[in-house]
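First the structure, in the form of structure tokens, and then the observations on it.
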2 protein chains.
Amino acid sequence: MTDSVEPASVQGSVGQGSVVQGRGQDKRKRLIDAACQVFYAHGVERTTLADIAAAAGIPLGNVYYYFKTKNDLIQAVVEAHLSEARAMLAAVEAAHDGPLGRLKALFGALADQSELIATYGCPQGSLCTELDKLPDGPGRAAELMRLPLDWAERQFSALGRADARDLAVEVIARYQGSAVLASTLRDPDLLARESARVAAWLDTVSA
Amino acid sequence: MTDSVEPASVQGSVGQGSVVQGRGQDKRKRLIDAACQVFYAHGVERTTLADIAAAAGIPLGNVYYYFKTKNDLIQAVVEAHLSEARAMLAAVEAAHDGPLGRLKALFGALADQSELIATYGCPQGSLCTELDKLPDGPGRAAELMRLPLDWAERQFSALGRADARDLAVEVIARYQGSAVLASTLRDPDLLARESARVAAWLDTVSA
DNA sequence: GTCTATAGCCAGATAGAC
DNA sequence: GTCTATCTGGCTATAGAC
């Protein structure tokens, strides 16, 4: 890791799992947030604990007071992503009444991040892809895909579709695939166009 | 890298760029083939040159006679993937007459690899995702996505569709996304089902 | 061209003072 | 709880015999 300046803040605020936490633990949260951002921008493997400690403004040795190993930190980052994903889905449900509006709201929010996604890929998807090839097997990262998949399936079920699972797979796959293409080709417009086409398709599905 | 036994051969024969090559260069080819497989199974970052040398049955020091740096080997692997992809698309074009048959043939071939893809992801897609976050920028890896994308676009254009580019993006994105989901969830059936739905969708597009 | 031995570096992890 | 200094191992890359 040689570059020190990043193209502005990379993520909102992934992290913060438990509501009640001793106030000494805010360094733990800072470490997780820093790890989320640096992992996303540069990849898990390539990121060193020194990078994360520097990004969090914490000396390297102190990291081991909060996380015994790098793998422990990675697990904590996955949990933080899960928490944020759950919160986002809950917020979408609270803000919209019908299943169709909710589905479109979710993908509208993703389209708003097209610049970021075209630079670094889908935060959840690229993490899953990377963790997939790590030694310890599937792990909890799979939950990161199951969560939006199951959520989308429930929305399609609420629309009365018997093929809700297939539709959920299609909609999530189209987003994940668009993210892969957009980031590989560095083309945010590709993601925006495909998002619009997915929205149009969703309207035809409700019938 | 500690494990030595893999679940059988991982790829057919990625590699072999130039037709004419001195017969001392078959070690170079063996190294590229070995790198393709080990990169695919364990990821580029995690794979060491010692892993590749061992897989190719070549002593570590000798690797540097053929490739000055690890990055050079990575580039050679990308070129090998490009060659194989071009060959596969050419074979599909030779074996099928109409654009629709060609598109369906391509995705049928992918569905046949669902077990492998559900284990390690899409060979091209996971490589692109991983190289995306490496230091040297986009590089030639983007070509790996542009190649099938442009090819699909030509097929849809031949069908007389004005929105050929959008349709190409959709079909490739659905495959790439399915690969991400299938490998994350370790579910080959997901890929098979979505492939079938893409095939059905292709029939409606021709109209 | 091939291979052994090893230099040099850097990352994960620990020891222990404060 | 916090931080400095350091150990240890492994990986890229090189030197140089054959």
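Residue numbers begin at 1 in each chain, while the letters A, B, ... track the order of the sequences.
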Check: Is A:Asp33 paired with A:Lys29 through a side-chain N to carboxylate O contact shorter than 4.0 Å?
Finding: yes
Item checked: For atom CG of A:Leu73 and atom P of C:dA11, their distance in whole Å -> 16 Å
Item checked: Distance, rounded to the nearest Å, where A:Phe67 contributes CZ and D:dG1 contributes P -> 14 Å
Margin query: OP1 or OP2 of C:dG1 versus the side-chain N and O atoms of B:Tyr65: is any pair under 4.0 Å?
Written below: yes
Margin query: Closest approach to the side chain of A:Gln25, judged atom by atom: which nucleotide of D:dG1, C:dT2, D:dT2 is it?
Written below: D:dG1
Margin query: I'd like to check the salt bridge (charged side-chain N to carboxylate O under 4.0 Å, His left out) partners of A:Lys104; sequence neighbours left out, ordered by chain and number.
Written below: A:Asp203
Next item on the list: Sorted by first residue and then second, give each salt bridge (Lys or Arg N to Asp or Glu O under 4.0 Å) pair with at least one member in residues 169-179 of chain B; sequence neighbours left out.
Entry: A:Glu170-B:Arg174, A:Arg174-B:Glu170, A:Arg197-B:Glu170, B:Glu170-B:Arg174, B:Arg174-B:Glu194
Item checked: Atom-pair distance (OH on B:Tyr66; C1' on D:dA13), nearest Å -> 18 Å
Notebook entry, point to check: Who pairs with B:Asp166 by salt bridge (charged side-chain N to carboxylate O under 4.0 Å, His left out), at least two apart in sequence or on another chain?
Noted result: A:Arg193
Notebook entry, point to check: Which whole-number value in Å describes the distance from B:Asn62 CG to D:dA15 C1'?
Noted result: 15 Å
Note to self: Each nucleotide in nucleotides 12-18 of chain C should get exactly one letter: B, S or -. Can you fill that in based on protein heavy atoms under 4.0 Å?
What the structure shows: SBB----
Check: Considering residues at least two apart in sequence or located in another chain, which fulfil the side-chain hydrogen bond (donor to acceptor under 3.5 Å, both in side chains) criterion with B:Glu115?
Finding: none
Next item on the list: Please list, chain by chain and in numerical order, all residues satisfying salt bridge (charged side-chain N to carboxylate O under 4.0 Å, His left out) with A:Arg146, sequence neighbours excluded.
Entry: A:Glu143
Check: Which angle, to the nearest 10 degrees, lies between the helix axes at the two ends of the helix from C:dG1-D:dC18 to C:dC18-D:dG1, each defined by five pairs?
Finding: 10°
Margin query: Just to verify, what does B:Ala111 make a side chain to side chain contact (heavy atoms under 4.5 Å, CB included) with, not counting sequence neighbours?
Written below: B:Ser195
Next item on the list: Send over the distance from B:Lys27 NZ to C:dC3 C1', rounded to a whole Å.
Entry: 9 Å
Checklist line | For A:Leu110, all residues meeting side chain to side chain contact (heavy atoms under 4.5 Å, CB included), sequence neighbours excluded | finding: A:Phe107, A:Tyr175
